[in-house]
Engineer: 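Here you go, one structure.
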There are 2 protein chains.
Amino acid sequence: MKPARKGKPTIRDVALAAGVSVGTASRAFNRAGRVSEAAITAVQAAAERLGYAPDAIAQSMRTRSSGVVGLLVSDFTNPLYARIINAVEARLQRDGFALLLANTHNDSRHELAMIDFFRRRRVDGLILGACETEKPELIDALLAQDLPVVALDRDFGPLGSGVNVDHYHGALQATRYLLKLGHTRIALMTPGQAVRPGRERIAGFCDAFAERGLKPEPKLIRAERSSMEFAFSEALALLSAPVRPTAFVCLGTRILAGVLQGLRHSGLSVPDDVSVVGVGDTDLSQLFSPAITSLTWDLEAVGTATAELMLARLSTASGHESVEPERIVMTTQMILRDSCGPLSGTSTAPSEPVRAAVKPSTRAKGGVAK
Amino acid sequence: MKPARKGKPTIRDVALAAGVSVGTASRAFNRAGRVSEAAITAVQAAAERLGYAPDAIAQSMRTRSSGVVGLLVSDFTNPLYARIINAVEARLQRDGFALLLANTHNDSRHELAMIDFFRRRRVDGLILGACETEKPELIDALLAQDLPVVALDRDFGPLGSGVNVDHYHGALQATRYLLKLGHTRIALMTPGQAVRPGRERIAGFCDAFAERGLKPEPKLIRAERSSMEFAFSEALALLSAPVRPTAFVCLGTRILAGVLQGLRHSGLSVPDDVSVVGVGDTDLSQLFSPAITSLTWDLEAVGTATAELMLARLSTASGHESVEPERIVMTTQMILRDSCGPLSGTSTAPSEPVRAAVKPSTRAKGGVAK
DNA sequence: ATGAAAGCGCTAACAA
DNA sequence: TTGTTAGCGCTTTCAT
């Protein structure tokens with residue numbers, strides 16, 4: 001019943017028990033090369049009996065592929081990331097890949113160290129999400145080493161492939177919406193402009209103004225830290241200015257929370273005093289009073305698409321001189337709720353909230369670009 | 001500059017370049033055994049020059065330890081889990097361990113499969129968080145194989161070690177609070193009683209009633225699914241009963257959201273019509289109007305403690321016949337906010353909310369038990 | 001179709 | 001102190 005003495009049984013034990021050589025046993029498991037049905041059944045029976053399971057480490061050693069994908073993210077405490085990662089993991093799991101996870105905590109030195117750490121562990125691929133550095137050289141170097149890299153909402157130049165959310169049109173749409181309601185003193189708060197989402201959002205924001213021949217107030221674009229504390233104090237500062245913004249676009253879950261807190265602290269009401277566009281279809285945006293009109297995208301779809309991009313590169317024999325970079329763009333939706341109202345001349349009757357549509361189906365459709 | 005031809009340089013290349021043998025090179029890196037300073041510097045220089053990094057897979061192969069810890073959780077989309085996992089990862093990272101993550105999606109078959117998957121990958125240890133099955137046999141089997149297991153808020157019998165939140169006293173405290181306010185028709189909603197947290201909470205809840213010579217209404221204890229949808233419909237059902245509960249204890253983030261939605265749907269107001277105790281110090285509980293009085297515990301501390309328990313077992317030479325099981329209990333705190341009020345006789349003047357204390361410092365102190 | 005044997009990159013035991 | 005060598009468990013030629 002028991003294997004030799006202690007420790008898990010090896011393929012050697014199985015081969016011995018099945019009365020074949022290790023080579024045959026291996027072929028029987030992998031159904032590779034020529035093996036007789038008889039051998040297969042004998043080997044499987046023996047394996048079953050001994051409770052044998054192949055050692056993944058030894059397999060990696062030989063095949064040079066670990067069945068593990070590394071995922072680097074700044075901080076998966078962010079509920080938006082968490083759901084994406086969840087989807088990535090689920091999809092990877094389906095194909096038998098494991099997920100090695102690490103946070104970079106927005107420290108680019110640490111980030112590099114982690115990439116190296118993963119490489120030493122021979123991950124088969126790397127998903128770079130929410131990292132601070134968007135250096136194309138990095139990708140080039142990694143790619144040159146035959147390590148597939150997929151970016152998550154980051155831009156790594158022409159050679160990089162990945163899944164991007166269409167933040168540009170999202171911000172455009174949200175801003176247009178507020179402009180149409182008559183707002184012009186609109187504050188945009190988003191995570192740093194150092195990375196793709198920030199840049200895209202600022203561009204969309206500005207272009208929405210430009211469409212009407214307007215220009216946004218530069219001081220109202222706050223694209224820096226994405227912490228709640230920062231958003232809170234920024235909001236307070238903005239609101240105590242002589243002439244305050246009439247609307248906030250808060251493109252981060254923590255940012256939204258901070259701004260909402262700032263608003264409450266200032267005794268201002270939403271949407272009568274100021275309109276708010278939030279992000280993500282979170283508990284907070286749904287249950288806050290009033291419910292927050294939000295810019296969203298399908299997090300599960302982003303995660304699944306990311307995983308599939310990786311899987312595709314993984315299955316491609318790495319012999320081929322680097323696969324064509326592929327980029328997938330996911331569209332955003334606006335969920336119209338009760339946190340935005342028309343700009344009231346001064347402070348007329350409490351303007352009634354605008355509710356233009358019900359929440360659309362959660363499933364988004366991602367268009368493929370390039 | 002470049003290694004041999006292609007592929008990453010091996011220790012062989014380094015040894016060659018440094019003019020020493022592989023054995024010496026290995027010892028130089030690990031500072032094990034006897035090595036001369038001269039050799040060390042030569043080897044390090046060569047390694048630097050070649051861009052050598054030891055292959056973790058090969059090291060695992062030899063040393064039989066992978067430097068990877070597996071973490072199994074039902075669904076890390078739960079923000080409470082996410083923060084715990086974050087802390088686990090951070091602590092593990094400090095000691096050079098990587099985190100292999102997988103969701104079980106509350107499927108016990110899948111859960112077993114994942115445990116096996118991890119074992120095949122030779123994880124050095126397993127953190128079992130939020131799994132469905134609490135079978136001591138499982139732990140025994142794993143332990144027998146010299147695989148350290150640490151449970152995260154789960155009970156795996158006498159041999160299991162892990163970190164537990166003191167849900168019993170938490171529920172006791174929350175219930176006492178509501179009883180003191182005059183409520184007796186208190187609904188308790190918590191994830192399934194199949195697992196430790198559910199059982200403990202129900203016990204605490206009942207004991208709080210018992211202290212006053214009362215018994216809770218069995219129908220008001222809803223300990224099943226923890227989804228928002230379920231909580232929503234349960235809340236609706238409870239609220240439409242002939243005589244409805246005057247208070248809800250919602251011990252799950254999704255549950256809290258569902259109940260809040262149900263309350264809104266019923267047009268009931270908090271705390272005037274019904275009092276609510278929530279869980280976790282989330283954006284929602286802070287920003288909901290009124291802010292939700294919540295039962296919390298230090299998630300970072302739980303994660304860190306879990307990681308440290310694992311690290312301790314990992315550093316212990318596994319030769320020792322299984323280390324003493326160790327259990328850590330983390331205490332809970334009540335953050336008093338505005339969602340609970342005294343039971344008003346019938347419907348007198350809108351009872352003013354009870355606010356008994358400011359939010360305590362976030363850092364909790366975990367007491368060690370047994 | 002199968003067995004024997006050569007490693008994958010590394011560490012550790014044993015010699016020198 | 002250092003070099004040599006034997007594997008860790010597996011896959012994969014290469015003979016047979």
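Letters A, B, ... mirror the listed sequences (proteins, then strands); counts begin at 1.
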Engineer: Can you tell me if S36(A) touches the phosphate of dT2(C), counting only side-chain N or O atoms and a distance under 4.0 Å to OP1 or OP2?
Structural biologist: yes

Engineer: Report the distance from atom CE of M61(B) to atom P of dG7(C), rounded to the nearest whole Å.
Structural biologist: 15 Å

Engineer: Hey, mind stepping through I40(A) and R31(A) against side-chain contact (heavy atoms from CB on, under 4.5 Å) and telling me if it holds?
Structural biologist: CA-CA 8 Å; I40(A) 293 183; R31(A) 301 195 167 285; 3.1 Å; yes

Engineer: How bent is the helix from dA1(C)-dT16(D) to dA16(C)-dT1(D), measuring the angle between the end axes built from five pairs each, rounded to 10°?
Structural biologist: 50°

Engineer: Within this structure, what is the CG-to-P distance between N30(B) and dA12(C), rounded to whole angstrom?
Structural biologist: 7 Å

Engineer: Give a yes or no on whether the backbone of A113(B) and the side-chain of D116(B) come within a donor-acceptor separation of less than 3.5 Å.
Structural biologist: no

Engineer: To check you understand the geometry: which heavy-atom pair defines the closest contact between F117(A) and F97(B), and what is its length?
Structural biologist: CZ-C, 4.2 Å

Engineer: Would you compute the distance between atom CZ of R122(A) and atom CD1 of I57(B) and round it to the nearest 0.5 angstrom?
Structural biologist: 5.5 Å

Engineer: For I85(A) and L99(A): C-alpha separation, side-chain torsions, deciding distance, then whether side-chain contact (heavy atoms from CB on, under 4.5 Å) applies.
Structural biologist: CA-CA 9 Å; I85(A) 297 174; L99(A) 220 214; 4.0 Å; yes

Engineer: To the nearest angstrom, how far is I11(B) atom CD1 from dC8(C) atom C1'?
Structural biologist: 14 Å

Engineer: Calculate the interatomic distance between I40(A) atom CD1 and dT2(C) atom C1'; express it in whole Å.
Structural biologist: 13 Å

Engineer: Reading DNA chain D from 5' to 3', where do the contacts with chain B start and stop? Cut-off is 4.0 Å to heavy atoms.
Structural biologist: dT1(D) to dG9(D)

Engineer: With nearest nucleotides of DNA chain C determined for V22(A) and A39(A) from heavy-atom distances, which residue corresponds to the more 5′ nucleotide?
Structural biologist: A39(A)

Engineer: Which one, dC10(C), dA1(C), dG3(C), comes nearest to the side chain of R27(A)?
Structural biologist: dG3(C)

Engineer: Hey, does the side chain of R121(B) reach the backbone of S66(A) with a donor-acceptor pair shorter than 3.5 angstrom?
Structural biologist: yes

Engineer: Would you mind reading off the distance between R12(B) atom CZ and dT11(C) atom C1', rounded to a whole angstrom?
Structural biologist: 13 Å

Engineer: With a 4.0 Å cut-off on heavy atoms, is S26(A) in touch with a base, just the backbone sugar-phosphate, or nothing at all?
Structural biologist: base

Engineer: For dT2(C), take OP1 and OP2 only and decide whether either is under 4.0 Å from a side-chain N or O of S21(A).
Structural biologist: no

Engineer: Taking only side-chain nitrogens and oxygens of Q59(B), does any of them come within less than 4.0 Å of OP1 or OP2 of dG9(C)?
Structural biologist: no

Engineer: Salt bridge or not for R91(A) and D95(A), using N-O below 4.0 Å?
Structural biologist: yes

Engineer: When all nucleic acid strands are considered with a 4.0 Å heavy-atom cut-off, which category describes R120(B): base, sugar-phosphate, or nothing?
Structural biologist: nothing

Engineer: What I'd like to find out is whether the side chain of L72(A) reaches to under 4.5 Å of the side chain of L126(A), using heavy atoms alone.
Structural biologist: no

Engineer: Tell me whether the count of non-hydrogen atoms from other residues, nucleotides or ligands lying under 6.0 Å of CZ in R119(A) goes above 12.
Structural biologist: yes

Engineer: Would you kindly give the CD1-to-P distance between I57(B) and dT11(C), to the nearest whole Å?
Structural biologist: 13 Å

Engineer: Relative to the 5' end of DNA chain D, which residue comes earlier, R64(B) or V35(B), by the nucleotide with the nearest heavy atom?
Structural biologist: V35(B)

Engineer: Look at all strands and tell whether F29(B) reaches a base, only sugar-phosphate, or nothing, counting heavy atoms closer than 4.0 Å.
Structural biologist: nothing

Engineer: With sequence neighbours excluded, tell me which residues meet side-chain hydrogen bond (donor to acceptor under 3.5 Å, both in side chains) with T77(B).
Structural biologist: N86(A), D75(B)

Engineer: Separation of R62(B) atom CZ from dA13(C) atom P, in whole Å?
Structural biologist: 8 Å

